[in-house]
Amino acid sequence: MSQVRVRFAPSPTGFFHIGSARTALFNWLYARHTGGVFVLRIEDTDQARNSEEFLNVIYDSLNWLGMTWDEGPKVGGAYGPYRQSERAPIYKEYLQKLLDAGRAYEKDGAIWFKLLGERSEVFDDHRKKTVTKVANTPAVIDDQIRGRVERLEDEDFVIFRSDGNPVFHFVNVVDDIAMKITHVIRGEDHLSNTSKHVELFKAFGVQPPVFAHIPLILKQNGPGKMSKRDQGALIEEYQKKGYLPEALVNFLALLGWNPGGDREKMPIEEIIRLFDLPAVNQSNARFDDKKLAHMNMVYLLEQPADRFVALARAQLERAQATAALAADPAYLREVVLLSQPKIKSLEELAAYTAYFFTEDFVVDVKVRDKVMAKGDPKARLSELAETLATADFSSDTTIEDAIKALATRTALGFGDYQSVGRLAVSGTNVGPSLTGMFRVLGRERVLARIAKFQATL
RNA sequence: GUCCCCAUCGUCUAGCCCGGUUAGGACACCACCCUUUCACGGUGGGCACCGGGGUUCGAAUCCCCGUGGGGACGCCA
């Protein structure tokens, strides 16, 4: 059997939608799974402004997600050009074939595709106009996910607008023929269009490719499919929030597909190995940002130190955490690694670590009131300061041992020192391990902060 | 309105093709445990086969009809 050739054909709108990302992903996975070719084709028949910039959104998003294309813009290939705006001669040539075969005609300045069969005028109630129906036979769509689908195409349709530009249905089919596409994997919203495409393939005397119409992603609240305006619909949102692309890819792969059994978190090689078209679900999937966030956290937790630090730094730059970025890199690294096991997303990192980089941190009054209302925190703080003044700060455990020894002496618990100590040093009641925090901040800063806090009591 | 697709916990889903399960997992939720705060983690819990008819000894699984959800009906892609 000949090599699988699939294509992802976005139009440069300036946004990269999560649904597009998943369509791209399924195509890419199928290509990688079968050892086939993944083609990127730009459907820019509309003369969009800032075209270059919009194209970069597509390239950047695909690259970020790790989906490299084998043929397409930038990398070339034997069936180029890969931008439809540069393929006009090819469309003219194919149009001529239709004209020669008597399968296209001009009307109202546009060129229409001509269906075969008996014609009759019918008034369409819904569209409030008279249309010409053609007694055609139903088109058969061979779909890897839906099975055999029949749909009757019974009206001629425009293939070239009166402004001379070809329309989507036409260019789509022509390019799939010209680029020798074997499998068309796209959203289910195209299933109804497919009868038009099948008619065109037939008119060109070409066997249609195998179709695979994947389920749509529905918005998490309210009716309908996800659209650009919905929360979480754009890939750039995840980039801005510091999501890991591999987590997003893993999540997206599971939206409408799964390998059977209980497997969820999988390395991409595993997903490629297991992915197949017939295993794709037929029903639409509702987007769930909580599950995505969880997947992202799981990936974040297992990142090696160097990568985590790099990701953290990039996120701090996006968050414009200037104090953190101005700090000594070695110090920043320690702070960030201290936080890694604790945070659920990179997005919260800047706020989570802010007090490490300024003496001017905010003291949470609610926490303060709560902590100061219990026992004798002032005394505990004095004892803690005294102990820390001479404690061995070389490691978390030596600090821990010192505080534990103090607690033993006063017949109290570690917790009695922790809550007030944390409050004095960080202004809050949440954060990384107390001893780790002390160690990274260093004795001088810790003692100074405690003294400063004591002065406010 | 016409046509097309779909239907298991709140959500993503396994199981369905090849009828017999205490209908499994994950996220979310609740409780408890762990614990040095907060998280992570662990244990447990509540939560589903859309409805009605068939077929069958037996239906989540096969068939039909409803209902519900989604999509397409452009000189957009």
Side-chain angles (χ1 to χ4, degrees), chain A residues 9-13 20 43-46 84 107-112 124-128 131 138 141 143 145-147 149-155 157-169 171-172 186-196 213 215-218 220 223-225 251 254-265 278 281-295 297-298 301 339-344 348 352 367 371 396 400 403-404 407 413-423 426 428-437:
Chain A
S11 60
T13 57
S20 305
E43 307 225 329
D44 57 349
T45 48
D46 259 5
Q84 291 184 333
K107 191 178 97 182
D108 304 331
I111 297 172
W112 297 65
D124 186 310
D125 256 359
H126 187 60
R127 286 180 290 175
K128 306 283 180 231
V131 295
I141 300 157
D143 196 291
I145 296 166
R146 319 263 152 199
V149 177
E150 286 190 14
R151 187 173 185 279
L152 179 67
E153 195 60 45
D154 61 357
E155 286 176 34
F157 52 91
V158 171
I159 51 177
F160 269 75
R161 296 183 210 114
S162 47
D163 66 4
N165 286 313
V167 306
F168 163 74
H169 302 298
V171 293
N172 206 264
R186 53 165 40 155
E188 201 224 62
D189 48 344
H190 285 295
L191 187 54
S192 300
N193 290 329
T194 307
S195 47
K196 286 187 175 68
H213 287 93
L216 266 22
I217 298 176
L218 269 28
Q220 51 184 347
K225 62 174 175 175
F251 172 79
L254 259 19
L255 221 47
W257 170 82
N258 81 79
D262 300 334
R263 304 272 280 125
E264 289 205 338
K265 181 171 176 295
N281 288 137
Q282 306 177 44
S283 50
N284 295 339
R286 202 166 289 278
F287 181 76
D288 181 5
D289 61 355
K290 290 244 179 63
K291 188 151 187 169
L292 205 205
H294 179 263
M295 180 72 80
M297 179 197 70
V298 173
L301 274 172
S339 309
Q340 182 178 16
K342 298 291 188 165
I343 59 171
K344 301 184 84 166
E348 62 189 84
Y352 192 83
V367 173
V371 170
D396 292 11
E400 186 177 336
I403 299 175
K404 277 185 172 164
F414 188 102
D416 293 299
Y417 292 97
Q418 162 161 248
S419 53
V420 70
R422 183 182 293 283
L423 174 67
S426 71
T428 179
N429 63 342
V430 301
S433 88
L434 186 76
T435 53
M437 186 173 95

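Quick caveat, the model's predicted, so the values are computed rather than measured. Residue numbering restarts at 1 for every chain, and letters A, B, ... go by the order of the sequence lines. What you see below is based on every heavy atom in this structure, not just the backbone, and it leaves out hydrogens, waters and symmetry mates.
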Spacing of the C1' atoms in B:U11 and B:C29 (rounded, Å)
12 Å

Please tell me if the side chains of A:Glu188 and A:Lys225 come closer than 4.5 Å, counting only heavy atoms from C-beta onward.
no

Sugar-phosphate or base contact per nucleotide [nucleotides 59-70 of chain B; S, B, -; heavy atom under 4.0 Å]
-----------B

Look at all strands and tell whether A:Gly415 reaches a base, only sugar-phosphate, or nothing, counting heavy atoms closer than 4.0 Å.
nothing

Would you say the side-chain atoms of A:Asn284 pair up with the backbone N or O of A:Pro215, donor to acceptor, closer than 3.5 Å?
no

Take atom CE of A:Met295 and atom P of B:C27, then tell me their distance rounded to the nearest Å.
10 Å

For A:Lys344, give me all partners under side chain to side chain donor-acceptor pair (under 3.5 Å), at least two apart in sequence or on another chain.
none

Which part of the nucleic acid, if any, lies within contact of A:Arg263, taking any heavy atom under 4.0 Å across all strands shown: a base, the sugar-phosphate backbone alone, or nothing?
nothing

Testing B:C12, B:C6, B:C5 for proximity to the side chain of A:Glu264, the answer is B:C12

Picking from B:C6, B:C73, B:A39, the nucleotide nearest the side-chain atoms of A:Arg127 would be B:C73

Residue pair A:Lys196 / A:Phe168, side-chain heavy-atom distance below 4.5 Å:
no

Report all interatomic pairs (protein N or O, nucleotide N or O of nucleotides 41-47 of chain B) with separations under 3.5 Å.
none

Taking side chain to side chain contact (heavy atoms under 4.5 Å, CB included) as the definition, give me every residue that meets it alongside A:His294, ordered by chain and number, with sequence neighbours left out.
A:Met297, A:Val298

Compare all side-chain heavy atoms of A:Asn172 with those of A:Arg186 and state whether any distance is below 4.5 angstrom.
yes

So do the side chains of A:Leu254 and A:Lys291 get within less than 4.5 Å of each other, counting heavy atoms only?
no

Answer whether the closest heavy-atom distance between the side chains of A:Tyr417 and A:Ser419 falls below 4.5 Å.
no

Counting distance only, does the side-chain N/O of A:Glu155 pair as donor-acceptor with the main-chain N or O of A:Val131 below 3.5 Å?
no

By nearest atom, which of the nucleotides B:C75, B:A72, B:U37 is closest to the A:Asn193 side chain?
B:A72

Length of the line joining A:Gln282:CD and B:C12:P, which is rounded to integer Å
15 Å

Across all strands shown, which nucleotide pairs with B:A72 by Watson-Crick or G-U wobble geometry, both distances under 3.5 Å?
B:U2

Nearest-Å distance for atom pair CG/P, residues A:Asp124 and B:A72:
17 Å

Using the P atom in both, what is the distance from B:A77 to B:G19, to the nearest Å?
47 Å

Answer with base, sugar-phosphate or nothing: what part of the nucleic acid does A:Leu434 contact at a heavy-atom distance below 4.0 Å?
base

Mind listing the closest non-hydrogen atom pair of A:Asp108 and A:Ser162 along with its distance?
O-CB, 4.1 Å

Can you tell me the Watson-Crick or wobble partner of B:C40, both distances under 3.5 angstrom?
none

Using a heavy-atom cut-off of under 4.0 Å over every strand shown, decide if A:Ser162 touches base, sugar-phosphate, or nothing.
base

Rounded off to whole Å, could you give me the CG-to-P distance for the A:Asn429 and B:U36 pair?
17 Å

Considering every strand and a 4.0 Å limit on heavy-atom distances, what is the contact class for A:Ser433: base, sugar-phosphate, or nothing?
base

How far does the C1' atom of B:U8 sit from the matching atom of B:C4, given to the nearest Å?
24 Å

As its Watson-Crick or G-U partner within any shown strand, both distances under 3.5 Å, B:C27 has B:G10

Using a heavy-atom cut-off of under 4.0 Å over every strand shown, decide if A:Gln220 touches base, sugar-phosphate, or nothing.
nothing

For B:C32 versus B:C18, give the span between their C1' atoms, rounded off to a whole number of Å.
44 Å

Could you state the atom-to-atom distance from CD of A:Glu155 to C1' of B:U2 in whole Å?
10 Å

Looking at A:Asp163 and A:Asn165, would you say the former's side chain and the latter's main chain have a donor-acceptor pair under 3.5 Å?
yes

Pick the P atom in B:C9 and in B:G1, then give their distance to the nearest Å.
27 Å

Between B:A48 and B:G25, how many Å separate the two P atoms, rounded to a whole number?
14 Å

Output yes when a side-chain donor or acceptor of A:Arg151 lies under 3.5 Å from a complementary backbone atom of A:Ser192, and no otherwise.
yes

Kindly point out which of B:G1, B:C5, B:U37 is positioned nearest to the side chain of A:Arg422?
B:U37

Strictly by Watson-Crick or wobble contacts shorter than 3.5 Å, is anything paired with B:U22, and which nucleotide is it?
none

Reckon A:Ala110 touches a base, only the sugar-phosphate, or nothing at all at heavy-atom distances under 4.0 Å?
base

At under 4.0 Å between heavy atoms, what does A:His213 touch on the DNA or RNA strands: base, sugar-phosphate, or nothing?
nothing

When rounded to the nearest 0.5 angstrom, what distance separates CZ in A:Arg146 from OG1 in A:Thr194?
10.5 Å

What interatomic distance, in whole Å, is found between P of B:G68 and the corresponding atom of B:A14?
26 Å

Compare all side-chain heavy atoms of A:Leu191 with those of A:Asp143 and state whether any distance is below 4.5 angstrom.
yes

Does any part of the side chain of A:Ile159, heavy atoms only, come nearer than 4.5 Å to the side chain of A:His169, both counted from C-beta?
no

Remember a base hit wins even if backbone is also touched, and classify A:Lys290 as base, sugar-phosphate or nothing at under 4.0 Å, heavy atoms.
sugar-phosphate

Distance below 4.0 Å between A:Lys344 side-chain N/O and B:C40 OP1 or OP2
yes

Excluding sequence neighbours, so at least two apart, what forms ring pair (Phe, Tyr, Trp, His ring centres under 6.0 Å) with A:Phe157?
A:Phe113

Relative to the 5' end of RNA chain B, which residue comes earlier, A:Lys196 or A:Ala285, by the nucleotide with the nearest heavy atom?
A:Ala285

Whether A:Gln418 contacts B:U37 is assessed here as follows: a side-chain N or O lying under 4.0 Å from the phosphate OP1 or OP2. Is that the case?
no

Counting only side-chain heavy atoms from C-beta out, which of B:C4, B:U36, B:G1 sits nearest to A:Leu191?
B:C4

Between B:C6, B:C4, B:C12, which nucleotide has the shortest distance from any of its atoms to the side chain of A:Leu255?
B:C12

Contacts under 3.5 Å, N or O only, protein and nucleotides 14-18 of chain B:
unit_1	atom_1	unit_2	atom_2	d
B:A14	OP1	A:Asn258	ND2	2.8
B:A14	OP1	A:Asn281	ND2	3.3

Spacing between A:Phe157 atom CZ and B:C75 atom P, to the nearest angstrom:
11 Å

Just the rounded figure in Å: distance from C1' of B:C5 to CG of A:Asp143.
10 Å

When we call it a touch if two heavy atoms are under 4.0 Å apart, what does A:Gly187 touch: a base, just sugar-phosphate, or nothing?
nothing

Give a yes or no on whether a donor-acceptor pair under 3.5 Å exists between the nucleobase atoms of B:U13, that is its base, and the side chain of A:Lys291.
no

So if I take every side-chain heavy atom of A:Ser192 and compare against B:A26, B:C5, B:A72, which nucleotide ends up nearest?
B:A72

When the C1' atoms of B:C57 and B:G15 are compared, how many Å lie between them, rounded to an integer?
23 Å

If you pin A:Glu400 and A:Gly256 to their nearest nucleotides in RNA chain B, which one's is more 5'?
A:Gly256

Syn or anti for B:C16, with syn set at within 90° of 0?
anti

